[in-house]
There are 2 protein chains.
Amino acid sequence: MKYTKRDRQQLLLETLEKNPFITDEQLASTFNVSVQTIRLDRMELSIPELRERIKSVAAHNFGEEVKSLPLNEVIGEIIDIDLDKQAISILDITQDHVFARNGIARGHHLFAQANSLAVAVINDELALTRKSTITFVKPVKAGDRVIAKAVVLSSDTEKNSTLIEVTSKVENDTVFIGQFSMYRVTKS
Amino acid sequence: MKYTKRDRQQLLLETLEKNPFITDEQLASTFNVSVQTIRLDRMELSIPELRERIKSVAAHNFGEEVKSLPLNEVIGEIIDIDLDKQAISILDITQDHVFARNGIARGHHLFAQANSLAVAVINDELALTRKSTITFVKPVKAGDRVIAKAVVLSSDTEKNSTLIEVTSKVENDTVFIGQFSMYRVTKS
DNA sequence: CACCATTTTAGCACTTGGTACTAATATCAG
DNA sequence: CTGATATTAGTACCAAGTGCTAAAATGGTG
């Protein structure tokens, strides 16, 4: 048996919530009604057509690529790098990085920026963090621009070990300090 | 004067890179050529039509909300918690967490799991990480299930300070150890 | 049962932003 | 001047719609 109008429209909403990439025709066949009925439903619920739905999904997420932490990339934008010596990256703190309650940035974002910068500055096939000591000097708030500077302190070729210090600042105020002991695999 | 074909096509690429939401007609008028020329250019550069471009932007960003690190939540799933005493969370390492080259998990994910667990175990309005020392004992690979256990070592009410140790294991092998010195704001 | 309202279908013209293809012009280089 | 390359024009067609009109099905209610 077909659904009632009310039920169908409810389901329609849920269906499109889950998958906005679906045509009226496909909807019609899944609900066993005509395309026109679907159109009427969309009108009543003021759901836009497929193309507009897609456009809004795209527009919504466009330019917001930074919103989600790009797991495989460097966190923050590297603006200067001198391999095996030093590197600088910038991370703009948004609402997404902070505790909702007080607007203070979660520690792991600062760590992620510093750690990935430490990895980036090493001119090698691969660098792994072995050990690190970090200090959160001052809270960072949404809207702050964190500038992290990584400096290679020493490199022990014997032990495949490199010591890096990363200092992060917001408007010249140090907010984070981290020492990273990195393990490196020399280029073949 | 109009651009040469080569220049125009180069600019076309850049333009669409910046803004994929633009029709051939608009492109034609910005480059002072006919719509057909734009179409030919797109063919030669194998750039898909507007709708396909939008669709790919939308598809790209749809469903990836979970794939990326949920910035505002606890990283990993808390399976046991005894406030102010200890807590345990699980994080399944996927391809998204690792270096593509060697499949070893990036340090900041382990840190994020441990750090957010340390925050969670504190039974307070707010907890901030003040200082931490961490050691990556053993590399973690894609497919591993990391079980982090946070234990509150001591609590200094005077200083609003709490010391927490987090030990992360994969199949009973310790992979990560971290000491976190947390600053806490007592509940009002 | 008959009647009216609601709901569902159907059909047609028109819109956008294209593709695919053909054919006519420009434009330039040797 | 002649070819080759580049550009423009024009046609038919498509997908996924909107907007509109009209017919049919369905459902209660007196």
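Residue numbers start from 1 in every chain, and the chains themselves are labelled A, B, ... in the order their sequence lines are given, proteins ahead of strands. As a basis for the values below, the full set of heavy atoms in this structure was taken, side chains included, without hydrogen atoms, waters or symmetry mates. Given the structure is predicted, the values throughout are model-derived calculations rather than measurements.
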* Structure fact -> Rounded to whole Å, the CG-P distance (B:Asp41 to C:dT19) equals 12 Å
* **Test salt bridge (Lys or Arg N to Asp or Glu O under 4.0 Å) applied to B:Asp173 and B:Lys141, B:Arg145, B:Lys138, the passing residue** => B:Lys138
* Asked: Between C:dG17 atom C1' and B:Lys55 atom NZ, what is the distance in whole Å?
  -> 13 Å
* Asked: Rounded to the Å, how far apart are A:Asp7 CG and C:dT8 P?
  -> 11 Å
* **Rounded distance in Å - CG (A:Leu40) to C1' (C:dT9)** => 9 Å
* To do: Would you please confirm or rule out a distance under 4.0 Å between OP1 or OP2 of C:dT9 and any side-chain N or O of A:Ser34?
  => yes
* In whole angstroms, how far is the P atom of C:dA10 from the CG atom of A:Asp24? -> 15 Å
* With distance as the sole criterion, is a donor-acceptor pair present between the side chains of A:Gln113 and A:Ser89 under 3.5 Å? -> yes
* To do: Kindly say if B:Arg42 contacts the phosphate of C:dT19, meaning a side-chain N or O under 4.0 Å from OP1 or OP2.
  => yes
For nucleotides 12-16 of chain C, list the nitrogen or oxygen atoms of the protein found under 3.5 Å from its nitrogen or oxygen atoms, one pair per line.
{"residue": "C:dT16", "atom": "O2", "partner": "B:Arg51", "partner atom": "NH2", "Å": "2.7"}

* Asked: Using a cut-off of less than 4.0 Å, is there contact between a side-chain N or O of A:Arg8 and OP1 or OP2 of C:dT8?
  -> yes
* To do: Classify the nucleic acid contact of B:Arg6 as base, sugar-phosphate or nothing, counting any heavy atom under 4.0 Å across all strands shown.
  => nothing
* **Partner residues of B:Phe180 under the ring-ring contact (aromatic ring centres under 6.0 Å, His included) criterion, sequence neighbours left out** => B:Phe111
* Report the residue (B:Glu44 or A:Arg53) whose heavy-atom-nearest nucleotide on DNA chain D is the more 5′ of the two. => B:Glu44
* A:Ser34 and A:Thr37: side-chain donor and acceptor closer than 3.5 Å? -> yes
* Structure fact -> Rounded to the nearest 0.5 angstrom, the CG-CZ distance for B:Asp24 and B:Arg42 is 4.0 Å
* Would you check, one step at a time, whether the test salt bridge (charged side-chain N to carboxylate O under 4.0 Å, His left out) holds for B:Glu44 with B:Lys5? => CA-CA 11 Å; B:Glu44 287 179 23; B:Lys5 191 181 180 182; 3.0 Å; yes
* B:Thr37 side-chain proximity, nearest of D:dT18, C:dT19, D:dT8 -> D:dT8
* Could you state the CZ-C1' distance from B:Phe31 to D:dA6, rounded to the nearest angstrom? -> 16 Å
* Send over the distance from A:Gln26 CD to D:dA15 P, rounded to a whole Å. => 13 Å
* Asked: Got more than 12 heavy atoms from elsewhere within 6.0 Å of CD, B:Glu25?
  -> no
* Asked: Of the candidate nucleotides D:dT7, C:dT8, D:dT18, which contains the atom at the shortest distance from the side chain of A:Arg39?
  -> D:dT18
* Asked: From the list C:dG18, D:dT18, C:dT8, which nucleotide is the closest neighbour of the side chain of B:Leu50?
  -> C:dG18
* Asked: Between atom CD1 in B:Ile22 and atom P in C:dG17, what is the gap in whole Å?
  -> 12 Å
